[in-house]
Amino acid sequence: MTQEDYSAVKDLLKSPKSIVIVPHKNPDGDALGSTLALQHYLNALNHNAVVIAPNDYPDFLKWLPNESEILKYDSQEEACNSLIQDAQLIFTLDFNALNRAGDMESVLAASSATKIMIDHHQQPDDYALYTYSDVAMSSTCEMVYHFINNLGDKSLIDKNIATCLYTGIMTDTGSFRFPSTTSDTLRVAAFLMDCGANHAEIHNQIFDTNSYDRMQLLGQALSNLKVISESRTAYISLSQEELNTYNFKKGDTEGFVNYALSLNDIVFAAIFIEDKQQDIIKISLRSKGTFSVNEFARAHFEGGGHTNAAGGKSETDLKSTIDKFISILPSYNKALNDD
Ligand code: 5GP
Ligand code: MN
């Protein structure tokens with residue numbers, strides 16, 4: 001966003017507006033942290049802002065300030081549609097293509113509201129009037145901090161906003177360890193602590209609330225781990241039957257793919273998770289170094305994301321999906337062995 005864009009947005013925000021804020025489908029810590037923080041901020045400016053999530057999210061996010069007010073499109077479609085139709089402004093956060101909003105795609109596309117995108121994924125679409133896209137940013141939460149700061153309202157960042165923003169920065173940076181973490185990221189996190197974000201409590205809420213079933217499912221995932229050393233690749237699969245055995249709940253497989261990536265000399269990791277309800281295989285991809293899983297997901301699995309973290313899906317069965325993955329890999333051997 002240019003300086004003129006910020007002035008225009010500031011003008012838009014001068015009088016109270018009906019505002020809808022949307023995170024991506026299957027929202028994660030960054031998507032929910034950024035949308036809730038923006039909602040707190042806009043409501044502090046006397047707007048009527050609501051967060052509408054395309055669908056539900058894991059229990060370990062169900063403590064964020066104002067989380068209980070989030071509307072879920074898949075279970076409250078009528079109420080959500082009327083809010084979207086009446087909205088003067090729509091913010092889309094932590095995604096950059098309307099199909100990432102799931103079933104909300106068509107109603108968002110049809111809305112005449114002014115759209116503002118804040119996002120850090122690669123290759124943004126052009127649906128918003130104002131696009132704040134920066135692929136170098138650790139997280140959308142870090143961007144929402146800059147957005148508020150650039151509007152001259154840093155002093156409005158209170159404990160609730162700081163808690164939401166710190167959560168998303170922490171989750172998207174893998175607790176500040178991924179290369180996307182910059183010294184600026186740490187300065188923003190430090191500022192958020194000064195505003196009241198309790199780093200130990202937030203970490204505890206997200207990472208130390210495991211169920212016994214989830215730990216057993218992790219054990220299953222690790223025993224399914226396979227290595228293809230000539231491609232410096234490791235992958236995990238989980239069938240619906242295995243998920244059922246351990247009473248799978250949304251979010252239980254979050255972070256499993258990182259165990260595959262943590263193997264010595266592995267630069268590319270994948271997890272394939274069967275979802276019989278949606279009849280798809282959900283795929284998460286991670287890499288180290290320059291190998292772009294965003295490009296890989298776009299080319300082969302209808303997905304996208306960042307250079308080192310992306311996702312996608314397959315509409316064939318688990319075995320065929322993994323067979324396809326294994327058959328594609330050799331054409332990337334050079335890139336995977338170059339790093
Ligand atoms: P995860 O593997 O944790 O679900 O997602 C990793 C990254 O890829 C996140 O930034 C997420 O937003 C993005 N992502 C996950 N699934 C998809 C997908 O199906 N399509 C696109 N475009 N991005 C995805
Ligand atoms: Mn993000």
Side-chain angles (χ1 to χ4, degrees), residues 22-38 53-55 57-58 60-61 91-103 105 117-125 127 132-147 164-176 178 180-181 185 188 206 221 235-236 238 250-261 268-273 275 278 280-287 292-315 321:
V22 187
H24 56 74
K25 189 176 173 197
N26 298 321
D28 57 9
D30 190 33
L32 286 189
S34 59
T35 50
L36 287 170
L38 186 66
N55 62 345
Y57 37 82
F60 62 74
L61 295 170
F91 283 86
T92 67
L93 265 57
D94 202 35
F95 67 96
N96 62 19
L98 287 181
N99 64 1
R100 293 280 293 135
D103 292 341
E105 177 178 6
M117 178 206 300
I118 305 179
D119 179 66
H120 66 137
H121 292 89
Q122 304 271 344
Q123 298 164 268
D125 279 357
Y127 60 80
Y132 176 22
S133 163
D134 187 347
V135 300
M137 280 282 159
S138 72
S139 52
T140 300
C141 280
E142 188 175 342
M143 299 176 75
V144 167
Y145 162 82
H146 291 301
F147 182 76
C164 292
L165 293 181
Y166 185 96
T167 300
I169 296 175
M170 181 191 76
T171 54
D172 256 31
T173 59
S175 300
F176 306 98
F178 297 149
S180 58
T181 311
T185 311
V188 171
I206 300 283
Y235 69 90
I236 292 169
L238 283 171
K250 211 175 229 319
D252 277 353
T253 56
E254 198 77 33
F256 284 11
V257 66
N258 293 321
Y259 288 95
L261 194 64
F268 183 24
I271 188 167
F272 302 92
I273 301 169
D275 180 340
Q278 290 193 69
I280 59 162
I281 309 300
K282 183 65 196 154
I283 305 166
S284 284
L285 303 169
R286 298 292 185 270
S287 68
S292 172
V293 288
N294 166 54
E295 300 289 351
F296 188 94
R298 279 175 192 264
H300 305 293
F301 292 108
E302 299 171 49
H306 310 283
T307 302
N308 295 133
K313 64 174 191 243
S314 153
E315 270 147 25
T321 303

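These values consider heavy atoms only, across backbone and side chains, with no hydrogens, waters or symmetry-generated copies. In each ligand, atom 1 is the first atom listed, and ligand 1 is the first ligand listed.
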> Is the distance between the ring centroids of F268 and F296 less than 6.0 Å?
Replying inline: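 When the ring centroids of F268 and F296 are compared, they turn out to be within the sub-6.0 Å range.
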| Aromatic ring proximity, centroids under 6.0 angstrom, F256 and Y235 |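 That pair fails the under 6.0 Å test.
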Got a sec: does the CZ of F178 have more than 12 other heavy atoms crowding it under 6.0 Å?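 Above 12, so yes.
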Checklist entry - Under 6.0 Å from the CG atom of D103, do we count more than 12 heavy atoms belonging to anything else shown? => result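 Atom CG in D103 is not packed in, count stays at 12 or less.
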Of all the N, O or S atoms in [X], which one sits nearest to the Mn ion (ligand 2)?
X	answer
D94	OD1
D30	OD2
D172	OD2

Do [X] and [Y] have side chains that approach each other closer than 4.5 Å (heavy atoms only, starting at C-beta)?
X	Y	value
H306	H120	yes
F272	L238	no
V188	I169	yes

In terms of atom number and element, which parts of ligand 1 are under 4.0 angstrom from non-hydrogen atoms of [X]?
X	value
S284	1 (P), 2 (O), 4 (O)
G303	20 (N), 21 (C), 22 (N)
A309	7 (C), 8 (O)
H306	10 (O)
H121	9 (C), 10 (O), 11 (C), 12 (O)

Margin query: Below 4.0 Å, non-hydrogen atoms only: which portion of K282 touches ligand 1? Side chain, backbone, both or neither.
Written below: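 Under 4.0 Å from ligand 1, K282 contributes side-chain atoms alone.
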Please classify the K313 to ligand 1 contact at 4.0 Å (heavy-atom distances, strictly less than): side chain, backbone, both or neither.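 Neither; nothing of K313 gets under 4.0 Å from ligand 1.
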query = When you measure from atom 11 (C) of ligand 1 to each heavy atom in R100, Q123, H120, which option holds the nearest one?
reply =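 Among R100, Q123, H120, the closest heavy atom to atom 11 (C) of ligand 1 belongs to R100.
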May I ask which of G304, G305, P23 has a heavy atom nearer to atom 24 (C) of ligand 1 than the others do?
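That would be G304.
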Could you label the plane-to-plane angle of the H24 and F95 rings as parallel, tilted or perpendicular, counting under 30° as parallel and over 60° as perpendicular?
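The arrangement is perpendicular - the two ring planes meet at more than 60°.
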Query raised in the report: Do any heavy atoms of R298 fall under 4.0 Å from ligand 1?
Result: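 R298 does not count as a contact of ligand 1 under the 4.0 Å cut-off.
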- Message: I'd like to know: is the Mn ion (ligand 2) within the 2.8 Å range of an N/O/S atom from H120, strictly under that distance?
- Response: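 Checking H120: at least one N, O or S atom is under 2.8 Å.
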Exercise. Answer yes or no: is there a donor N or O on one side and an acceptor on the other, between the side chain of D30 and the main chain of T140, under 3.5 Å?
Key: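 Indeed, once roles are kept as given, a pair shorter than 3.5 Å links the two residues.
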* What's the shortest distance from atom 15 (C) of ligand 1 to any protein heavy atom, and which residue and atom give it? ->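 So the nearest neighbour among protein heavy atoms is G311 CA, 3.5 Å.
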Short N or O distance, R286 and ligand 1, threshold 3.5 Å exclusive: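 Yes; the residue has a nitrogen or oxygen that sits under 3.5 Å from a nitrogen or oxygen of the ligand.
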Taking it one step at a time, do R298 and Q123 satisfy side chain to side chain donor-acceptor pair (under 3.5 Å)? CA-CA 11 Å; R298 279 175 192 264; Q123 298 164 268; 3.1 Å; yes
